[in-house]
Amino acid sequence: MRTLRKGCMLVMLIAVLLTPIAAAYEASLAKYPDKVVEAKFVEVDVENSEISYSEIMGMIREGGSVRISLILKNFSPDVKGRRSVLNFTTELEDAVWGLSEEAGVSVLSKTEKSMRLRVDHGLVSSLIITLDGRAPEVSKRENVTLLNVDQEIERTYPVMEIWGKVTSELIETAILKLNEALDSIEAANATLYNATQQGADVSDAKADLDHARLYYDDALSHYNAGRINESIMAAENATYYANLAKSEAESSLKAISTRNYVVVGTIVAVVAVAAAILLARRRRPPLG
């Protein structure tokens with residue numbers, strides 16, 4: 001289990017609260033593309049909030065436990081009726097919600113995936129929310145919303161969102177195999193280019209490199225579709241054919257070098273023989 005306290009949590013929350021437009025890949029951050037925070041009627045106690053989870057390579061392990069303890073404070077009294085509704089939602093499985101006993105808070109509804117609270121801003125100074133759950137199963141490395149909080153005061157205002165990447169050993173193996181295949185293809189392509197520039201016959205190597213690229217495309221397609229085992233197999237085939245193409249191209253280069261050495265050696269031999277004959281003629285005494 002990994003616990004991110006204080007500074008780490010601060011970085012995460014600042015990244016969520018202050019990033020108005022997120023990249024398409026980080027889709028969870030783009031939920032509020034105009035303004036992440038439009039009004040501030042409650043604050044997150046960053047110093048004392050914390051998150052812990054089962055880790056794999058710095059990410060959240062699929063099916064692993066996740067625990068969040070979130071402290072809200074400074075409930076603004078400058079709201080209509082001094083009351084607001086807080087909505088908590090999560091994508092965690094088997095989620096269990098908890099809250100501190102405090103006057104001025106009532107539970108409107110609570111399910112596995114969400115909890116709604118009515119808060120009296122005149123009575124509540126701080127509120128501790130806990131969430132225990134399990135990271136969902138994923139078919140590829142995915143962003144998962146661990147906790148999203150918004151506040152209703154005539155309209156809905158975002159408070160914060162915590163997300164994390166969920167993965168598994170098998171998924172990370174597939175990603176590693178894809179990267180290895182791509183590196184092998186790039187290395188083979190560079191070798192083929194060099195061999196072609198030197199006049200080598202790389203027709204067989206080119207055919208194998210084409211096979212490698214097709215297998216890589218298949219591996220990527222399988223990964224995006226969540227077919228992880230198929231992706232691994234296709235990526236390994238891509239690496240095999242890319243390495244074969246590189247080896248064939250290197251052999252073609254060696255063949256050219258050997259041929260060049262033979263040609264040069266033959267020329268040197270011919271020149272040496274001619275020079276020897278010429279020298280012998282010069283040393284022959286004149287007739288008569």
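Nothing here was measured: the structure is a model prediction, and the numbers come from that model. For reference, positions follow the sequence shown, starting with 1.
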How far apart are the closest heavy atoms of Met160 and Asn148, and which atoms are they? O-OD1, 3.4 Å
Can you list everything that forms a side-chain contact (heavy atoms from CB on, under 4.5 Å) with Met115? Sequence neighbours excluded, please. Phe88, Trp97, Leu99, Lys110, Leu117, Ile129
Mind listing the side-chain donor-acceptor pairs of residues 183-193 below 3.5 Å, one per line with the distance, residues two or more places apart or on another chain?
from   : atom 1 : to     : atom 2 : distance (Å)
Ser184 : OG     : Glu180 : O      : 3.0
Asn189 : OD1    : Arg213 : NH2    : 2.8
Thr191 : OG1    : Ala187 : O      : 3.0

Which value, rounded to the nearest 0.5 Å, describes the distance between Thr196 atom OG1 and Lys206 atom NZ? 9.5 Å
With clusters defined by side-chain heavy atoms of hydrophobic residues (ILVMFWY) lying less than 4.5 Å apart, directly or transitively, does Leu182 cluster with Tyr241? no
Shortest non-hydrogen contact from Ala242 to Ala212? N-CB, 3.5 Å
For the residue pair Leu178 and Leu220, what are the closest heavy atoms and their distance? CD2-N, 3.8 Å
Member of Arg141, Arg61, Lys140 meeting the salt bridge (charged side-chain N to carboxylate O under 4.0 Å, His left out) criterion with Glu172: Arg141
Would you list the pairs meeting salt bridge (charged side-chain N to carboxylate O under 4.0 Å, His left out) in which at least one residue belongs to residues 219-236, sequence neighbours left out? Lys177-Glu236
Contacts of Ser76 meeting side-chain contact (heavy atoms from CB on, under 4.5 Å) (sequence neighbours excluded), chain-then-number -> Phe41, Asp78
Do Val119 and Val107 belong together in a cluster built from hydrophobic side chains that touch within less than 4.5 Å? yes
Joint cluster assignment, Val105 & Phe75, ILVMFWY side-chain distance < 4.5 Å: yes
Spacing of CD1 belonging to Ile71 relative to CD belonging to Glu43, to within rounding of 0.5 Å: 13.0 Å
So, does Thr90 use its side chain to make a donor-acceptor pair with the main chain of Leu146 at under 3.5 Å? yes
OH-OG distance between Tyr215 and Ser231, expressed to the nearest 0.5 angstrom: 14.0 Å
Over all atoms of both residues, closest heavy-atom pair of Glu62 and Val166: CA-CG1, 3.8 Å
Over all atoms of both residues, closest heavy-atom pair of Ser69 and Thr130: OG-CG2, 4.2 Å
Spatial distance of atom CG (Leu244) from atom CG (Asp208) [nearest 0.5 Å]: 4.0 Å
Any donor-acceptor N/O pair, Gln151 side chain to Tyr157 backbone, under 3.5 Å: no
State which residue, out of Thr156, Asn87, Thr89, fulfils the side chain to side chain donor-acceptor pair (under 3.5 Å) condition with Asp150. Asn87
Give the minimum heavy-atom separation between Ala238 and Ala181, together with the two atoms involved. CB-CB, 3.9 Å
Does the side chain of Leu127 come within less than 4.5 Å of Leu86's, by heavy atoms? yes
Verify, without hydrogens or angle tests, whether Thr173 (side chain) and Glu169 (backbone) share a donor-acceptor contact under 3.5 angstrom. yes
Keeping Lys113 on the side-chain end and Leu92 on the backbone end, is there a donor-acceptor pair under 3.5 Å? yes
Distance (rounded to the nearest 0.5 Å) between Leu176 CG and Met57 CE: 8.0 Å
So, does Ser126 use its side chain to make a donor-acceptor pair with the main chain of Leu72 at under 3.5 Å? no
Would you please name every residue forming a side-chain contact (heavy atoms from CB on, under 4.5 Å) with Leu170, sequence neighbours left out? Ser168, Ile228, Asn229, Ile232
Could you tell me whether the side chain of Ser54 and the main chain of Ser65 form a donor-acceptor pair under 3.5 Å? yes
N/O donor-acceptor pairs under 3.5 Å from side chains in residues 132-139, not counting sequence neighbours:
from   : atom 1 : to    : atom 2 : distance (Å)
Asp132 : OD1    : Arg67 : NH1    : 2.9
Asp132 : OD2    : Arg67 : NH1    : 2.5
Arg134 : NE     : Asp94 : OD2    : 3.1
Arg134 : NH2    : Asp94 : OD2    : 2.9

Pairwise distance CZ(Arg118) to CD(Glu152) - rounded to 0.5 angstrom: 9.5 Å
List the steps, then state whether side-chain contact (heavy atoms from CB on, under 4.5 Å) holds for Ile171 with Tyr223. CA-CA 9 Å; Ile171 290 171; Tyr223 175 80; 4.0 Å; yes
